Amino acid sequence: MMQTMKPAIPLPSADGLWTGLCLAPGAAPGAALEADAEAAIVVAQGAIRWVGARSALPAEFAGLAPHDGGGALVTPGLVDCHTHLVYGGQRANEFAMRLAGATYEEVAKAGGGIVSSVRATREADEDTLFAQAAPRLEQLLADGVCAIEIKSGYGLSLEHERKQLRVARRLGEAYGVTVRATFLGAHALPPEYAGRSGDYIDLVCREMLPALAAEGLVDAVDVFCERIAFSLEETERVFQAARSLGLPVKLHAEQLSDMGGAALAARYGALSCDHVEHLSAAGIEAMRQAGTVAVLLPGAYYTLRDTQLPPIEALRAAGVPMAVSTDHNPGTSPALSLLLMVNMACTLFRLTVPEALAGVTVHAARALGLQETHGVIAPGMPANFVLWNVRDAAELAYWFGQQPVCAVVRQGRIAVGAAA
Ligand code: DI6
Ligand code: FE
């Protein structure tokens, strides 16, 4: 089979002593050091061994191979916790339709929308899908992303969903990046099941999900619960199938209307409820109790020129963790910069800078069930961190269209930049 992946050039190891660092607020919660104190990170065998004030560095690490950070600001590797990165084609034509006044729902009803990406995805073979997704992944990685979720949902049959999920796995291997593959078979009704959504949900629950899970292709299960997609009852059937296989769930919830999806998802211990523009007070309370993360997707809000803001103030007051993600997809969020989403989360949704940065690190990791390994810089975790060419963490939210990365350590390797 033709392999369209990049040649495997081994990246340099990040093992050694990193100095000349300034830790961003919240980057290393366990490390006690004063603001502006020089920080150091020890990486051994690809994992964080120690992090703290350089002045407190244990003598045993002093002689390790040096990496000079040159005063860079350091954050944990970013986590993009909601993407639909693997699909065939693109949908710029719909952008034009919407500019002419059509709504997302009208475009979908006119045969465009998700179903048009389904057509293009079914027509593409695995290598083609890989080759189309790879440059998009490279864009996200250049922004400091070290872990990413990739959903299926443009195949809508066992064969084509498998193809998407296999590409997601291959991308993770080829680029040395943590990939969580989420099965979103219940994303849209495939045309061959028109008028028979119950039968399609049967197929999802009885055939597609068990087969793909048995092949090790599924880390979590998602559903698009919406008027133009699947009902609350159908969503619950998929959740039951996931539960019987021991798989965690998440939900596209209350994006276009309040379906009560968040409360249902919380009852199933969902990792996250995503979009949540129309989330109710009852939904927030259910998420709080279940420890479910609210994933905010400003790229989709912006693209759809939505005016219904997610209930940020109420989520904040309830202490529901808020993550921020690109929702990269060809219809409603063709976004390829997680840092731009940080800017938009602040500007459009009025998150504070620390909230937005937590949203693409610690809370995003939790939205994927990766809180033990990603989202903060802590001893024992794989080495994933980013050196930024800025003095102040607020600059990460303030600039837009800029790429202030100076180095990325991903999975213990220097993936971007070569800090000496
Ligand atoms: N919500 C979204 O934002 C994407 N899917 C979903 O359920 C949109 C997918 C598309 O339009 O292709
Ligand atoms: Fe989405």
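Residue numbers count from 1 along this sequence. Just so it is clear, the structure is predicted and the values come from calculations on it, not from any experiment. Note that ligands are numbered from 1 as they come in the structure, with each ligand's atoms numbered from 1 the same way.
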Inset, instruction - Please confirm whether H82 and H275 have ring centers closer than 6.0 angstrom. - result: yes
Inset, instruction - Using only heavy-atom distances, determine whether the side chains of S152 and E161 contain a donor-acceptor pair under 3.5 Å. - result: yes
Legend entry - Taking atom 11 (O) of ligand 1 as the reference point, the nearest protein heavy atom with its distance: Y104 OH, 2.6 Å
Legend entry - Over 12 foreign heavy atoms within 6.0 Å of CZ, R49: no
Legend entry - Full working for side chain to side chain contact (heavy atoms under 4.5 Å, CB included) between R136 and Y87: CA-CA 11 Å; R136 298 193 283 261; Y87 53 84; 3.4 Å; yes
Legend entry - Per-residue contact class, E226 against ligand 1 - non-hydrogen pairs under 4.0 Å: neither
Inset, instruction - Check each atom of ligand 1 against the heavy atoms of H275 and keep those under 4.0 Å away; list them by number with element. - result: 1 (N), 2 (C), 3 (O)
Inset, instruction - Please identify which atoms of ligand 1 are closer than 4.0 Å to at least one heavy atom of G331. - result: 11 (O), 12 (O)
Legend entry - Sub-4.0 Å heavy-atom approach of Y87 to ligand 1: no
Legend entry - Protein residue, atom and distance nearest to atom 5 (N) of ligand 1, heavy-atom basis: H187 NE2, 2.8 Å
Legend entry - Identity of the N, O or S atom of H82 lying closest to the Fe ion (ligand 2): NE2
Legend entry - Plane angle bin for H67 and W18 - parallel if under 30°, tilted between 30 and 60°, otherwise perpendicular: parallel
Legend entry - Test item: side-chain donor near acceptor, S325 and D80, under 3.5 Å: yes
Inset, instruction - State whether the number of non-hydrogen atoms from other residues, nucleotides or ligands found under 6.0 Å of R350 atom CZ is greater than 12. - result: no
Legend entry - Among the N, O or S atoms of H84, the one nearest the Fe ion (ligand 2): NE2
Inset, instruction - For atom 6 (C) of ligand 1, state which one of H252, Q255, R91 supplies the nearest heavy atom. - result: H252
Inset, instruction - Mind checking whether D327 contacts ligand 1 via backbone (N, CA, C, O), side chain (CB onward), both or neither, at a 4.0 Å heavy-atom cut-off? - result: side chain
Legend entry - Closest D327 atom to the Fe ion (ligand 2) [N, O or S only]: OD1
Inset, instruction - Give a yes or no on whether a salt bridge exists between E355 and R316, defined as a side-chain N under 4.0 angstrom from a carboxylate O. - result: yes
Inset, instruction - Could you list which atoms of ligand 1 come closer than 4.0 Å to a heavy atom of H84? - result: 4 (C), 5 (N)
Inset, instruction - Check each atom of ligand 1 against the heavy atoms of Y154 and keep those under 4.0 Å away; list them by number with element. - result: 9 (C), 10 (C), 12 (O)
Legend entry - Test of proximity, T332 against ligand 1: N or O pairs below 3.5 Å: yes
Inset, instruction - For residues V353 and Y398, determine if any side-chain heavy atom of one lies less than 4.5 Å from a side-chain heavy atom of the other. - result: no
